[in-house]
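Written below as structure tokens is the structure these notes are about.
Residue numbers begin at 1 in each chain, while the letters A, B, ... track the order of the sequences.
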There are 2 protein chains.
Amino acid sequence: MDTDPASDIMRVWVRLLRIEQRVRKTVEAKLKNAGLPALVWYDVLLELERAGDAGLRQRDIQQHTLLERYNVSRLVDRLRDAGLVKRKPAADDGRGSVVHITSQGRALRAAMWPVYSQAVKGAFPAQLSEQDHGRLLSLLERL
Amino acid sequence: MDTDPASDIMRVWVRLLRIEQRVRKTVEAKLKNAGLPALVWYDVLLELERAGDAGLRQRDIQQHTLLERYNVSRLVDRLRDAGLVKRKPAADDGRGSVVHITSQGRALRAAMWPVYSQAVKGAFPAQLSEQDHGRLLSLLERL
DNA sequence: ATGATTTTGTTGCAATTACAACAATAGATA
DNA sequence: TATCTATTGTTGTAATTGCAACAAAATCAT
């Protein structure tokens, strides 16, 4: 077993971790500063918007966002309480429910986007070339 | 302002975010499964071990780990309660304290390393070449 | 069909993290 | 010096997340 702290993959991981923390932190701060909810709300609203009229099972939200089951359950509660989504019993599965975004939900997601987008851009001050972005993306895809 | 959801930098960010979530999740799960504490404990213990006899101010822990001030405060409390670190008043600064790792702390960090390391490797199944690792790392360094 | 297993979702409680206010010292400025 | 501001750290309380147990329905195996 490789126990070298400086191994390639660990270097990549640690670097990736720090970048994620730094960017997430600034994004969350700017969202809060703009009076908007946290990033995870955006994530869920976006997935629901993409899902369209069919909506999404909570299970699907879980898979898309990598949230835990119980966190999805409670987050959907909060989104519903805020009028951003609706829960309906699943027609073909007596256990679960289907979640649909409301027009208020769509409006909030749209309002969050420019703040989110700008915050991310601001947190990556280095201007990589289009080619570098492509290279980086294709390397990340392989992880 | 660019509001294109598919812009290069946002693609990179979203991909990076998902990778971080996936890997962190498996790492935390494997640590827990091995009866070991969470990743953030490892992070702090590692920084303290690197700092050596001089120890670290809590402020420095904060900067290295990107934790919030109050989280450092309470995490150091827990580490101290677990016998992994010691807090001493800072000689040259009446406000703060200096944190030192104990031998138990070093032992725990050492015990966590192989589990951590293997978990990360396992979470990156794709075998990138040494050259690709280098390319990826240098691109990440620029973010 | 029936019983066991898996999947889906919820909930009480514990642990952690976030927010806001605070105290104490250090450092800067008049 | 005296005062103002910034830095460092703590703590009460609220919000969120994690853990464990649970319920209900679907799926599988016999």
Side-chain angles (χ1 to χ4, degrees), chain A residues 20-21 24-44 48 55-82 84-100, chain B residues 20-21 24-44 47-48 51 55-82 84-100:
Chain A
E20 193 275 344
Q21 287 173 322
R24 168 183 290 274
K25 200 170 172 176
T26 72
V27 167
E28 295 285 13
K30 299 217 171 185
L31 286 172
K32 181 180 306 297
N33 197 258
L36 295 168
L39 195 48
V40 66
W41 284 41
Y42 183 90
D43 264 1
V44 171
L48 289 173
L56 276 184
R57 295 291 299 269
Q58 295 192 188
R59 164 200 54 190
D60 299 324
I61 297 175
Q62 187 187 341
Q63 288 169 356
H64 280 103
T65 61
L66 304 185
L67 291 168
E68 297 296 331
R69 177 188 308 260
Y70 47 80
N71 284 335
V72 172
S73 184
R74 282 168 167 150
L75 180 50
V76 169
D77 284 349
R78 286 177 225 135
L79 293 170
R80 172 179 41 68
D81 293 348
L84 305 172
V85 307
K86 282 184 183 170
R87 243 202 215 106
K88 293 182 181 176
D92 58 336
D93 188 335
R95 292 166 297 186
S97 48
V98 182
V99 184
H100 297 266
Chain B
E20 193 275 345
Q21 289 173 321
R24 168 184 291 274
K25 200 169 172 177
T26 72
V27 167
E28 296 285 12
K30 298 217 172 184
L31 285 172
K32 181 179 306 297
N33 197 256
L36 294 168
L39 197 46
V40 66
W41 284 42
Y42 183 90
D43 265 359
V44 172
E47 293 300 336
L48 289 172
L56 276 183
R57 296 289 300 270
Q58 293 192 189
R59 164 200 55 189
D60 299 323
I61 296 175
Q62 187 188 340
Q63 288 170 355
H64 280 102
T65 61
L66 305 183
L67 290 168
E68 297 297 330
R69 176 187 309 258
Y70 47 79
N71 285 334
V72 172
S73 185
R74 281 169 164 148
L75 180 49
V76 170
D77 284 349
R78 286 176 225 136
L79 292 170
R80 172 179 41 69
D81 293 347
L84 305 172
V85 307
K86 282 183 184 169
R87 243 201 214 107
K88 293 181 182 177
D92 58 337
D93 188 334
R95 293 166 296 186
S97 47
V98 182
V99 185
H100 297 267

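Residue B/L75 contributes atom CG, which lies 15 Å from atom P of C/dA15 at whole-angstrom precision. Rounded to whole Å, atom P of C/dT11 lies 14 Å from atom CZ of A/R69. At whole-Å resolution of the value, CD in A/Q21 and C1' in C/dT17 are 14 Å apart. Straight-line distance from the CD atom of A/Q63 to the C1' atom of C/dT7: 11 Å, rounded to whole Å. One atom, CG of A/L67, and another, P of D/dT16, lie 13 Å apart when rounded to the nearest Å. Atom-to-atom, CD of B/E68 to P of C/dA20 comes out at 12 Å; the value is rounded to the nearest Å. Atom NZ of A/K32 is separated from atom C1' of C/dA20 by 12 Å (rounded to the nearest Å). A/D60 has its CG atom 14 Å from the P atom of C/dT7, to the nearest Å.
From A/L67, atom CG reaches atom CD1 of A/I61 across 9.0 Å, with rounding to the nearest 0.5 Å. Rounding to the nearest 0.5 Å gives a distance of 9.5 Å between CD of A/Q62 and CG of A/N71.
Listed pair A/R59 / C/dT6 fails the phosphate criterion, with no side-chain N or O lying under 4.0 Å from OP1 or OP2. Distances shown here put every side-chain N or O of A/Q58 at or beyond 4.0 Å from the OP1 or OP2 atom of C/dT7. The phosphate of D/dG9 (OP1 or OP2) has a side-chain N or O of B/R57 nearer than 4.0 angstrom. At the phosphate of D/dT17, OP1 or OP2 sits under 4.0 Å from a side-chain N or O atom of A/R78. Remark: A/S73 is in phosphate contact with C/dT10, judged by side-chain N or O atoms under 4.0 Å from OP1 or OP2. At the phosphate of D/dT7, neither OP1 nor OP2 sits under 4.0 Å from any side-chain N or O atom of B/R95. The phosphate of C/dT16 (OP1 or OP2) has no side-chain N or O of B/N71 nearer than 4.0 angstrom.
Between A/E28 and A/K32 there is no salt bridge, since none of the side-chain N atoms of the basic residue sits less than 4.0 Å from a carboxylate O of the acidic one. We find that A/D77 and A/R80 are joined by a salt bridge, their nearest charged nitrogen and carboxylate oxygen being less than 4.0 Å apart. Comment: A/E68 engages B/K25 in a salt bridge, judged by a side-chain N to carboxylate O separation of less than 4.0 angstrom.
Using a 4.0 Å heavy-atom criterion, one finds that A/R74 contacts the bases of the nucleic acid, with or without backbone contacts as well.
Between the side chains of B/R69 and B/Q58, no donor-acceptor pair is found at a separation under 3.5 Å.
When the C1' atoms of four end pairs are superposed on the next four at each end of the helix from C/dA1-D/dT30 to C/dA30-D/dT1, using five pairs per end, the two resulting axes differ in direction by 30°, to 10°.
The side chain of B/D93 sits closest to C/dT25 out of C/dA20, D/dA25, C/dT25.
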